[in-house]
Amino acid sequence: MEAAAAAGAVLAWLGVSLLSLADARRGLALGLVTTALGLALAAAASGRQPSAAAALAAGGAAGSLLRLRDGEPGWGLMRPGSTPRLVAALLVFLAAVLLVGSGLGVPTGVARLGAIAVALLALLRLLTVERRSPALGSGAALALGLGALGGGTGLMAAAVAAVALGTLSGAEAPGPGR
Amino acid sequence: MPWGDVALQLLALLVYPGALFTGAVGAVCELGIGLLLGGRAGAAEALRHLVGVLRELPGDPAALLAWLFASLAACGSSVPLAPAASSDGNLLLSAVALAAAAWLGGMAFSGEEGGARRLLLGQLCWLVALLAPALSALSLRPQALGAVTVPALMPVKILSGLLYLLCLPVLLGVPVEPRHGIGEPASGWWSRGGAAALSTRLRVFLWLPACGLLASAEVPPPPADPTGALRFLGVVLGLAAAAVGSAAVARRLGWSLQLRLAPPLAGLVLVAAVVTMVTS
Amino acid sequence: MSLAAMLVPPALLAAAAILSWSLGHTGVGAGRVVCAPAAWLAAGVEAVAWWWGGRVPLELSLPFGLAGAPLGVKLDSSIFALQMITLLALALLFTFQPRDPGRAALASLVGGVALGTLAASSLSLTAFGLSVCSGLVWTALAWDERTEVGATWGALSLAWVLLLWAAVVLEVVGGTSVYSAVPVTALQAPVFLLLAAAALLCAGALPWRTWVSLVWRRARPASGSLAVAVLVPLGFSLLLRAYALGAGQWPGGWLHPLLAGLGAATALAAAGRAQAAGSVRAVRAEAVPLGAGLTLLGLALGTPLGVAAAVLSLGGLGLVAGLVPLLPEGGLVASLGDALAFGAPPALVFGGWLLCVQAALEAGPVTGLMGLVGVFAWSVGLAAVARATWLPAPAARSGSPVGLAVGAGLLLAAGVGLGGLASLVAAPVASDLAPPGSHGAAVSYLGGGAVGVTVPSGSWPAGALGGAVAIVGVVLLAIVGLLRRPGREPIRPLSGVEGEPARARRSVSALEVKPLIEPPWRDLRDRLATRLRGLRVPSQYRSLVRPNAVAAAATRGRPWFWALVTLALALVVTR
Amino acid sequence: MTALRAWFRDPRPGWWLLLAGAAGAAMTLLCLLGRPPGTLLLPPPSRVLLAFSAPAVALMVWLAPRGDRLERLCAGLVGLGSQAVLASVPDLLAVAVLLVPVGFAVAARPGRRSLSARVRGPALAAALLGLGWALLRSPGPAWLGRLGALGVALGLVAVGGLVPYLQEVEDGEPAETSYLAWTGFLAPALALVLPFRLLQGHLLTPDEGMVVGAVLVGLGALNLAWGAVGAWRTASLAEAWRDSFLVDWGFALIGLGLFERDGLAAAYLAMLAVLGVRTPLALLARTAPAAGTSPRPLALVLVVLLAGAAPFSGFPVRLLVLRAATELAWPLAIPLLMAMALAAAHALRLARALGSPRGRDAIGLAVVLAVSLVLGLVPGILRGLGGI
C-alpha cells in the first residue's frame with residue numbers, strides 16, 4: 001500500500017509539474033488527468049473510500065477532456081521562460097516533504113504529500129499565469145489537490161469542481177473583458 | 001414676597017448710599033478736583049461740567065445705567081446707617097457692578113484702544129487688590145474684611161490697599177498719562193475730546209463706590225451712627241484726594257506711575273496672599 | 001404624576017416633530033405654530049407634574065433593550081432641572097426663530113431625543129442618546145450650511161465614542177452601567193476621565209475654541225443655537241451623573257482641582273477670545289463658553305454650594321443660548337442683551353457666576369485662586385461687551401424684539417428669583433448629588449429665599465436689591481425711550497458731550513479695532529500647523545521610508561506581495 | 001410569468017446562465033431545507049444572513065438597467081446559492097474546494113480585468129483555508145498546527161479580499177465581478193460559519209486558538225486602520241467604498257478573533273450590516289447622481305449611518321466589540337476607538353458620493369435606512385434569531 005501511495009503521490013506531482021510547464025490544451029489536459037489519477041491512486045492506497053477516489057479520477061479525467069475543447073492548440077511544453085516553473089516544481093516538492101515530515105512513514109502521510117505538492121504548485125501557477133486556459137487547468141488541479149487532502153466529501157467536491165471548471169470556456173475573450 | 005425688604009433696598013439704591021448719595025459725593029469730589037488743581041476757575045469748570053452732565057443725563061441711557069450700577073456697587077459696600085442690613089454687603093457684587101459701570105464709560109473709547117486697554121489692565125489689578133484679602137480671609141463681606149486685624153493678614157491688607165490706591169485713578173477715569181511740562185489747566189481733567197468725554201462724565205458716579213469699597217474693606221467698620229457715617233465719608237474723601245493727588249503728581253513728574261507699578265505690585269499681592277493662605 | 005413628567009415632554013416634542021413634518025409635506029408651513037407651543041407645553045407639564053407629584057424620584061425600567069443597552073428612564077431633581085433648562089431654551093428658540101416645517105420638525109426631534117437622553121437610566125443608554133443627538137444636530141447644521149460642521153461633527157463623534165467606552169468599562173468592571181446599580185467602587189479615575197472628556201467635548205468647556213464658539217459664527221445661527229441649547233446641558237449632565245455614580249464624590253480628590261482649573265482656564269480663554277473678536281457675533285459666540293467655564297469651576301468643586309451654583313449658572317447658560325440668537329447685531333438693546341449674557345447684574349447669569357466664584361473661594365485656597373481667575377474672565381468679558389459696541393455691525397439681522405424682551409425678561413426674572421430657584425431647584429440637586437457628608441472639603445451652607453441667597457462668604461439679596469435694580473433699570477430705560485429726542489442716533493446714544501456722531505465711530509472697521517489684550521499664544525496654532533506641514537523625511541531616508549509604494553503594492557493585488565506577507569507571518573508563528 | 005417577462009423585458013441571457021441561476025435557487029432551497037441531511041446544514045446565523053442577502057440581490061436587480069435584469073437575477077441567484085452552500089457544507093476542506101469553482105464562476109463574468117487576475121484572490125483563499133485545515137488535523141509537531149491555524153485565519157481574510165490580500169479596484173467595474181461579490185456578499189457567509197466550524201469539536205489546541213485569535217485581531221486592527229484612513233484619504237471613490245467595507249470587516253475580525261460571546265455577536269451584526277446596509281449602499285452609490293449644492297436631509301442622515309452612529313446599524317457593533325475588547329484587554333479598545341472616531345471623517349465623503357437620490361434610488365435608500373434602523377435599534381431580536 002505504501003508503494004502505491006508513493007507512486008500515486010509522485011505521479012500527481014509529475015502531473016501537476018507537467019500542468020505548470022504547459023501552455024497549450026494538450027499539455028494542460030495531460031497534466032490534469034495525470035494529477036487526478038495520481039491523487040486518486042494515493043487516496044485509494046491511503047484507505048479512503050474507493051468510490052470517492054474513483055470519483056476524483058473521473059472528475060479529473062472529465063475536466064481534462066473538457067479542457068481539450070478550447071485554448072491554444074498543441075502541447076506548449078517548456079516554452080521559453082518556464083525555467084522558474086521547473087525550479088518551483090522541485091522546491092514545492094521539498095516544501096511538501098517538509099510539511100508532511102514524520103507522516104511520510106504511513107500511506108496517509110504519503111498521500112498528503114502528493115496532495116500538498118499538487119495544491120501548492122497549482123496555486124503558484126494560478127498566481128502567475130495570465131491566460132484563461134492555463135488558469136482554468138491550474139484551478140482544477142488546485143481543487144483536486146485540496147480535495148485529496150480531505151475525506152469522502154472533499155474528494156467528491158473536488159471531482160465536481162474539476163468538472164465545473166472544465167465547463168468554463170478557456171477561449172480568451174476579446175478586448176478588455178478578457 | 002417681602003415687600004418691606006424691597007422697599008428698604010429701593011430706598012438704599014435710590015437715596016442712601018445709592019444714587020443720591022453717590023451723586024452728591026461724586027459732585028463734591030469733582031469740585032474738589034477743580035479747587036485742588038485750578039482754584040476758583042477750576043471749581044467753576046468743574047461746576048460747568050457737572051451741569052453739563054445733569055443736562056445730558058435724561059437722554060443718555062449709558063450714563064443712567066452707569067449711575068444705577070454705581071449705586072448698586074455702593075449698596076454692596078457696608079456704609080454706616082444704610083437702610084438695608086450692612087451684613088448684606090458683598091465685595092464681588094460691588095466689584096462686578098463697578099466694573100460694569102466703568103465699562104459703560106469705556107464704551108466711549110472707540111478708536112483709541114489705549115484708554116480701554118489701560119482701563120482693563122487697571123481693573124484687573126484693582127480686582128487683585130480687592131479680592132486678595134478676601135482669598136486669605138475666605139470671606140467677601142466688606143465689614144468682615146475690614147474688621148480683620150489678624151497680624152498674619154496685615155501684610156496682604158496693606159499691600160492690597162496700596163495697590164488699590166494705585167489703580168483707583170485708572171478705574172475712575174482720572175487722566176494718568178505722563179504729561180511733560182509744568183502746570184496743566186484744570187479743564188484738561190474734563191473736556192478732553194469726545195472719546196474720553198463719556199468716561200469723564202460718568203466718573204462723577206464712581207467716586208463713592210470705588211473709594212467706599214476700599215474704605216469698607218480695609219478700614220475697621222465705623223459704628224452705625226452719624227459720627228460713624230461722617231468718619232466713613234471722611235475716609236472716602238481722603239482716599240479720593242489721595243488718588244487724585246497721586247495722579248496729578250505723577251503727571252507732573254512725567255511718570256506713568258500707576259501703569260508701571262500696578263502689575264508687579266499685583267503679582268506681589270497675589271504671592272503674599274498665597275503665602276498667607278498656606279501659612280495660616 | 002412623576003411618570004407624566006418623565007414621559008410626556010419628550011413625547012410632546014416627538015409628536016410635534018411628526019406633525020410639523022407631515023404638515024410640511026401637505027404644504028402647510030406651520031412648523032413654528034406646532035413646535036413652539038409643544039415646547040412651552042412640555043415645559044409646563046414637566047414643571048407641574050414634577051411639583052404636583054411631590055418631587056419624588058422615579059425610575060422606570062423596561063424588559064427589553066435598545067441598541068444593546070438596557071432601556072430605562074429616570075427622573076430626579078437634577079434631571080428635572082436639566083430638562084427644564086433645555087426646554088426653556090428650546091421654547092425660546094422655537095417661538096422666535098423662523099424655521100421651515102422640515103427644520104422645525106428636526107429641531108423638535110432633537111429636543112425630544114435630548115430630553116430622553118437626559119432621562120436615560122444607564123450610561124450606555126446615555127451614550128446611545130448622545131450619539132443620536134450628535135447625528136441629528138449634525139444633520140440640522142449641515143442642512144443649513146456646510147461651514148464649521150466638520151469640527152462640530154468630529155468633536156461630538158469623539159464625545160459619544162469616549163462615553164461609549166466609559167459605559168463599557170463600567171459594565172465590565174461593575175457588571176452594569178445603570179446609574180442606580182453601579183457599585184461605587186466601579187467608578188475609578190480612568191473611567192471618570194473618559195466620562196469627563198466626553199462631557200467637556202460635548203459641552204465645549206475646553207480652553208480653546210470649541211464647536212460651541214464655531215457654530216455661532218455661521219451665517220445662519222438657527223441650528224447652531226439649537227445645538228448649543230441641547231448639547232451643553234447634556235454635557236454637564238454627565239458630570240452631575242458622575243457625582244451620582246460616586247455617591248457624591250469623584251474618584252480621587254485631585255480630579256476636583258483639575259477640572260475646576262480647567263473650568264477657570266476655559267472661562268479666561270473664552271473671555272480672551274471675546275475681547276479680541278472681530279465681529280459682534282464672534283463676541284457673542286464666547287458668552288456660552290465663558291459661562292460653561294465658570295459652571296465647570298463651580299461643579300468641579302464637589303461642595304454642595306458648588307453644585308448648586310453650577311446648576312443655577314447652567315440655567316443662565318440655557319437662557320443665554322435661547323436669548324443671544326435673538327439679539328440684533330447692534331445698538332443699545334443688543335449691548336444690554338450682551339451685558340446680561342456676560343454677567344451684568346441682576347440677571348440669572350450674574351447670580352450663577354457670583355455663586356460659582358463664592359463657592360470656589362469657600363472650597364479652599366487653591367480653588368479660591370481659580371475663583372479669582374474666574375473673576376478676571378468675568379471682568380474681561382464685560383470689557384469685551386463694551387468693545388463690541390465699536391465693532392462694525394452688519395445689517396444682516398435685526399433680531400426678534402419680542403423674543404429679546406421675553407428672553408431678557410426671563411433672565412432678569414430668574415435673576416431676581418435666584419433665592420427661590422436656589423432653594424427649590426438647586427439646593428435639592430446639591431443635596432441629592434453632593435450631600436454635605438460626602439466631601440472632605442469645606443461644606444458650604446446655601447440659604448435661599450424670596451429675599452435672595454445667603455452663603456457664608458457673602459450674600460446677594462437678589463429678590464430685594466436685585467429686584468429694585470431691575471425695576472429701576474426698566475423704568476429708566478422706559479423714560480429714556482420716551483425722552484429720546486428726534487434726530488438723535490436711535491440705537492447707540494453714547495455720543496460724547498460734543499455730540500460726536502456715533503456713526504463716525506461705527507465706521508471703524510473690525511481690523512482697526514485691535515484686541516484689548518494681545519495674548520502671545522494667539523497664533524500659536526497656525527504656527528504649529530505650519531511647522532508640522534513643513535516636516536519631511538530626511539532625504540537620505542526617503543528611499544527607505546516609502547509608504548506610498550507599499551500602499552500601491554498592497555492595493556493592486558500583486559501576488560508577490562501576498563506571498564511575501566504570508567511567508568512572513570508563517571515564519572512568525574512557526575518560530 | 002408573462003408579467004415577470006414584461007417587467008424584465010430583456011433578451012434571454014445565455015442558457016448556461018439561466019441554468020446556473022436555477023441551480024443557485026435550487027441550492028439555496030436545499031440548504032434551507034437541510035437536504036440531503038448531514039451533507040448540508042445551514043446554521044441559524046447563516047439563515048438570518050441569507051435572509052439579509054435576498055434583499056441585497058433584489059436591490060441589485062431592481063437598480064439594474066431594464067436590459068440586464070434577468071442576467072443580474074441569474075447572477076444573484078448563483079451568488080445566493082454559493083453563499084448558502086459555503087455556509088452549509090460542514091466539512092471545511094470541502095468548503096475550500098468549492099471556493100475554487102465559485103471563484104472561477106465569479107471571475108468568468110465579463111469584466112475589465114482578466115479572469116486569471118480576478119481569480120487569484122479566491123484561489124489563494126481556498127489554498128490557505130484547505131492547507132491550513134489539513135495541517136490543523138494532521139499529526140505532527142506543534143509548529144505545524146500553528147501554521148495550519150494561521151492558514152485558516154489568513155484564508156478567511158483572503159476570501160474577503162481584505163488587507164493584506166486586497167484586490168485591485170476599478171471604477172465602473174460591474175458589481176457582480178468587482179470586490180463587492182466577495183467582500184460584500186460571499187465572504188460574510190464564510191466568516192459567520194468559520195468560528196462555529198473551528199469551535200465545534202474543539203479542534204484547536206490553546207496554542208492554535210491563540211494563533212487564530214491573534215491573527216484575526218491583528219489583521220482586524222490593520223483593516224480598521226487601513227479602511228478608516230483609506231476611505232478618507234484615497235483619491236478613487238470606488239476604493240473609498242471598498243475601504244469603508246474594511247472598517248466593518250475590521251470590527252468583525254476583531255470580534256471573531258476574541259473568541260468571546262459579545263465579540264461573536266459583534267461580528268454577526270457587522271456581517272449582517274455589510275450585507276443589509278453597506279453592500280446595498282455601495283450598489284446605490286454606483287447609480288446615484290453626484291451630490292448637489294444643497295443636500296437633502298435623507299442624504300445627510302446617511303452620514304450618520306455611515307459613521308456608525310446611533311440609531312443605525314454601526315452602533316451596536318461598536319458597543320459589543322468594545323465590550324469584548326475591554327473584557328479581554330482594555331488597550332485593545334484604543335485602536336477601535338480611533339477607528340470609530342475616524343469613521344466620522346470618511347462618512348462625509350461617502351455620503352456625498354451617494355448624492356441626493358431620487359425616484360427608484362430614493363426608495364432603495366429608504367429601505368436601506370429602515371434595515372439599518374432595525375439592526376441598530378433591536379439587535380437583541382436578531383441575535384435571538386441567529387442563536388447568538
Side-chain angles (χ1 to χ4, degrees), chain B residues 1-2 5-6 8-10 12-14 52 56 58-62 64-65 68-69 72 75 84 87-93 95-97 99-100 103-104 106-111 113 116-117 119-120 123-124 127-128 131 134-135 138-141 191 193-195 197-198 201 274 277-278, chain C residues 275 332 335 339 343-346 350 354 357-358 361-362 365 368-369 372 375-376 378-380 382-383 385-387 389-390 450-452 456-461 463-465 467-469 471-473 476-477 479-480 483-485 488 493-498 500 505 508 512-514 516-517:
Chain B
M1 185 72 188
D5 290 318
V6 177
L8 277 181
Q9 294 288 6
L10 205 55
L13 186 71
L14 295 178
E56 284 287 325
D60 191 340
L64 285 170
L65 288 175
L68 180 63
F69 284 136
L72 178 62
C75 293
S87 64
D88 283 350
N90 189 324
L91 274 189
L92 200 52
L93 161 67
V96 174
W103 279 113
L104 277 163
M107 287 162 79
F109 280 116
S110 176
E113 290 82 8
R117 200 169 291 125
L119 177 59
L120 182 57
Q123 209 171 67
L124 294 180
L127 283 171
V128 172
L131 298 177
L135 284 177
L138 296 180
S139 173
L140 287 163
R141 298 182 185 277
S191 54
L198 181 70
R201 203 143 41 93
V274 171
M277 281 188 286
V278 172
Chain C
Q275 61 83 34
L332 175 70
S335 305
F350 166 80
L354 183 82
V357 173
Q358 287 192 233
L361 188 77
E362 292 181 14
L369 285 171
L372 182 62
V375 178
F376 284 170
W378 193 346
S379 164
V380 174
L382 288 171
V385 172
R387 179 178 170 273
T389 58
W390 320 338
V451 175
S457 60
S459 58
W460 159 229
L465 185 54
V469 171
I471 293 165
V472 173
L476 282 179
L477 288 176
I479 291 170
V480 170
L483 291 182
R484 185 173 289 146
R485 290 199 299 275
R488 193 185 183 99
L494 301 178
S495 58
V497 170
E498 296 75 8
E500 173 194 11
R505 286 202 303 279
V508 176
E512 292 169 33
V513 182
K514 297 186 184 61
L516 297 181
I517 298 172

- So, does C:Trp378 use its side chain to make a donor-acceptor pair with the main chain of B:Val96 at under 3.5 Å?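 Checked: no pair found.
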TODO: Check for a donor-acceptor pair, side chain of C:Gln275 on one end and backbone N or O of C:Arg387 on the other, with a separation under 3.5 Å.
DONE: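 No; judged by distance alone, with no hydrogens or angles, the pair does not exist.
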Inset, instruction - Side-chain contact test, heavy atoms from C-beta onward, threshold under 4.5 Å: evaluate it for B:Leu124 versus C:Val380 and give yes or no. - result: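 Sidechains of C:Val380 and B:Leu124: in contact.
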Under 4.5 Å from any heavy atom of chain C - which part of [X]:
X: B:Leu92; result: both
X: B:Leu120; result: side chain
X: B:Val274; result: side chain
X: B:Leu14; result: side chain
X: B:Leu13; result: side chain
X: B:Leu65; result: side chain

To the nearest 0.5 Å, what is the distance between [atom1] on [X] and [atom2] on [Y]?
X: B:Leu72; Y: B:Leu93; atom1: CG; atom2: CG; value: 4.5 Å
X: C:Ser459; Y: B:Asn90; atom1: OG; atom2: CG; value: 6.5 Å
X: B:Leu135; Y: B:Leu140; atom1: CG; atom2: CG; value: 8.5 Å
X: C:Phe376; Y: B:Leu131; atom1: CZ; atom2: CG; value: 8.0 Å

Contact leader toward chain B among [options], where contacts are heavy-atom pairs under 4.5 Å:
options: C:Ala339, C:Pro345, C:Ala344; answer: C:Pro345
options: C:Leu465, C:Leu476, C:Ile471, C:Leu382; answer: C:Leu465
options: C:Gly452, C:Gly473, C:Gly467, C:Ser379; answer: C:Ser379
options: C:Ala383, C:Pro365, C:Ala468, C:Ala386; answer: C:Ala383

Region of C:Val385 that comes under 4.5 Å of a non-hydrogen atom in chain B
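Neither the backbone nor the side chain of C:Val385 comes within 4.5 Å of chain B.
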Might you work through the side chain to side chain donor-acceptor pair (under 3.5 Å) test for B:Trp103 and B:Gln123, ending with a clear yes or no?
CA-CA 10 Å; B:Trp103 279 113; B:Gln123 209 171 67; 2.7 Å; yes
